[in-house]
K.L.:
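Have a look at this one.
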Amino acid sequence: MKSPFDLQDALFIGFCATLLVVLKSMLRLKLGLSGHSMFLMTFFYLICYGVVNRVGAMTACGLLAGLVAMMLSVGKGGPMILLKFGLPAMAMDLTLLLMAGAFSLRWQSIILALVGCLAWAGKGLISNLLVGMSGQVALAEFGLSFIQGGAFAVAAALLIPTVLRRLHAHDLLPKKPD
């Protein structure tokens, strides 16, 4: 039996997490749309899973990205930033366990992206309720965040099969065992 993550896998997970935080901090785009950060998160989590090909890779990437963001003071929220990065990744990994290869890569990526977005928007719902926002307004904000973030997440998920195919075509990924 192979160990959960070998050195090559751990280095790639660290690379994805660090690149996610660096790009997120460099591209502080003020688009006026909620959810544009879901594009980068979804892309890097799904690429991380596609390359490492092990359940838990997205969670490791998300938690590591949260730790890097905390260390570099990227974003708002202090220790809550760990949840901002980690919660969508954990939700995606748990969903991956439930799906167990039932769909093609494209549909699997889309479903995982939407589940990650649901967890991301759910964190916002909980924090809005904790600060005293009314339930109706918090639910409306949640719905809007999920729709906008979902659009960005699905856009990123649609790129994953093409990127992984190109990496395989150029022999940048190890061959899958038979």
K.L.:
Taking all heavy atoms of C48 and all of C61, pick out the closest pair and write down the distance.
P.N.:
SG-CB, 3.8 Å
K.L.:
From L20 CG over to S37 OG, what is the distance, rounded to the nearest 0.5 angstrom?
P.N.:
9.0 Å
K.L.:
Tell me every residue that passes side-chain contact (heavy atoms from CB on, under 4.5 Å) with A121, counting only those two or more places apart in sequence or in another chain.
P.N.:
F142, S145, F146
K.L.:
Is there a continuous path of hydrophobic side-chain contacts, each under 4.5 Å between heavy atoms, that joins L167 to M58?
P.N.:
yes
K.L.:
Can you measure from CG (L139) to CG (L144) and round to the nearest 0.5 angstrom?
P.N.:
12.5 Å
K.L.:
Would you compute the distance between atom CE of M80 and atom OG of S127 and round it to the nearest 0.5 angstrom?
P.N.:
6.5 Å
K.L.:
Could you list all the side-chain hydrogen bond (donor to acceptor under 3.5 Å, both in side chains) pairs where at least one residue sits in residues 77-93, not counting sequence neighbours?
P.N.:
T59-D93
K.L.:
With heavy-atom distances below 4.5 Å as the criterion, would you say the side chains of E141 and L125 are in contact?
P.N.:
no
K.L.:
Just how far is it from atom NZ of K123 to atom CG of N128, taken to the nearest 0.5 Å?
P.N.:
8.5 Å
K.L.:
Which pair of non-hydrogen atoms, one from A157 and one from T42, has the smallest distance, and what is that distance?
P.N.:
N-CG2, 4.3 Å
K.L.:
Below 3.5 Å, can you tabulate the donor-acceptor pairs from side chains in residues 102-117 to any protein atom, sequence neighbours excluded?
P.N.:
from, atom 1, to, atom 2, distance (Å)
S109, OG, L105, O, 2.9

K.L.:
Please answer: with hydrophobic residues joined when any side-chain heavy atoms are less than 4.5 Å apart, are L118 and L97 in the same cluster?
P.N.:
yes
K.L.:
Quick one: are F85 and Y45 in side-chain contact, heavy atoms under 4.5 Å?
P.N.:
yes
K.L.:
Applying side chain to side chain contact (heavy atoms under 4.5 Å, CB included), run through L164 and V51 and close with a yes or a no.
P.N.:
CA-CA 8 Å; L164 289 177; V51 170; 4.1 Å; yes
K.L.:
Of all residues at least two apart in sequence or in a different chain, which pass the side-chain contact (heavy atoms from CB on, under 4.5 Å) check with L72?
P.N.:
V21, V68, V74
K.L.:
Where is the tightest heavy-atom contact between L67 and L82, given as atom of each residue plus distance?
P.N.:
N-CD1, 3.7 Å
K.L.:
With rounding to the nearest 0.5 Å, note down the distance linking CD1 in I13 to CZ in F44.
P.N.:
14.0 Å
K.L.:
Say you draw a straight line from CG of L46 to CD1 of I160; how long is it, rounded to the nearest 0.5 Å?
P.N.:
5.0 Å
K.L.:
May I ask whether M99 and M90 are part of the same hydrophobic cluster, defined by side-chain heavy atoms of I, L, V, M, F, W, Y residues being less than 4.5 angstrom apart, directly or through others?
P.N.:
yes
K.L.:
Going by side-chain heavy atoms closer than 4.5 Å, which hydrophobic residues are tied to L7, directly or by a chain of links?
P.N.:
L11
K.L.:
Count I, L, V, M, F, W, Y as connected when their side-chain heavy atoms are under 4.5 Å apart, and connections chain through other members. Are I147 and M38 then in the same cluster?
P.N.:
no
K.L.:
Check side-chain contact (heavy atoms from CB on, under 4.5 Å) between F39 and all other residues, then give those that pass, not counting sequence neighbours.
P.N.:
F152, A155, A156, L159
K.L.:
Check the hydrophobic clustering (I, L, V, M, F, W, Y; side-chain heavy atoms under 4.5 Å; chains of links allowed) and say if L83 and L129 are grouped together.
P.N.:
no
K.L.:
Testing the basics here: between V55 and Y49, what is the closest heavy-atom pair and its distance to 0.1 Å?
P.N.:
N-CE1, 4.3 Å
K.L.:
Checking L98 now: which residues fulfil side-chain contact (heavy atoms from CB on, under 4.5 Å) with it, not counting sequence neighbours?
P.N.:
none
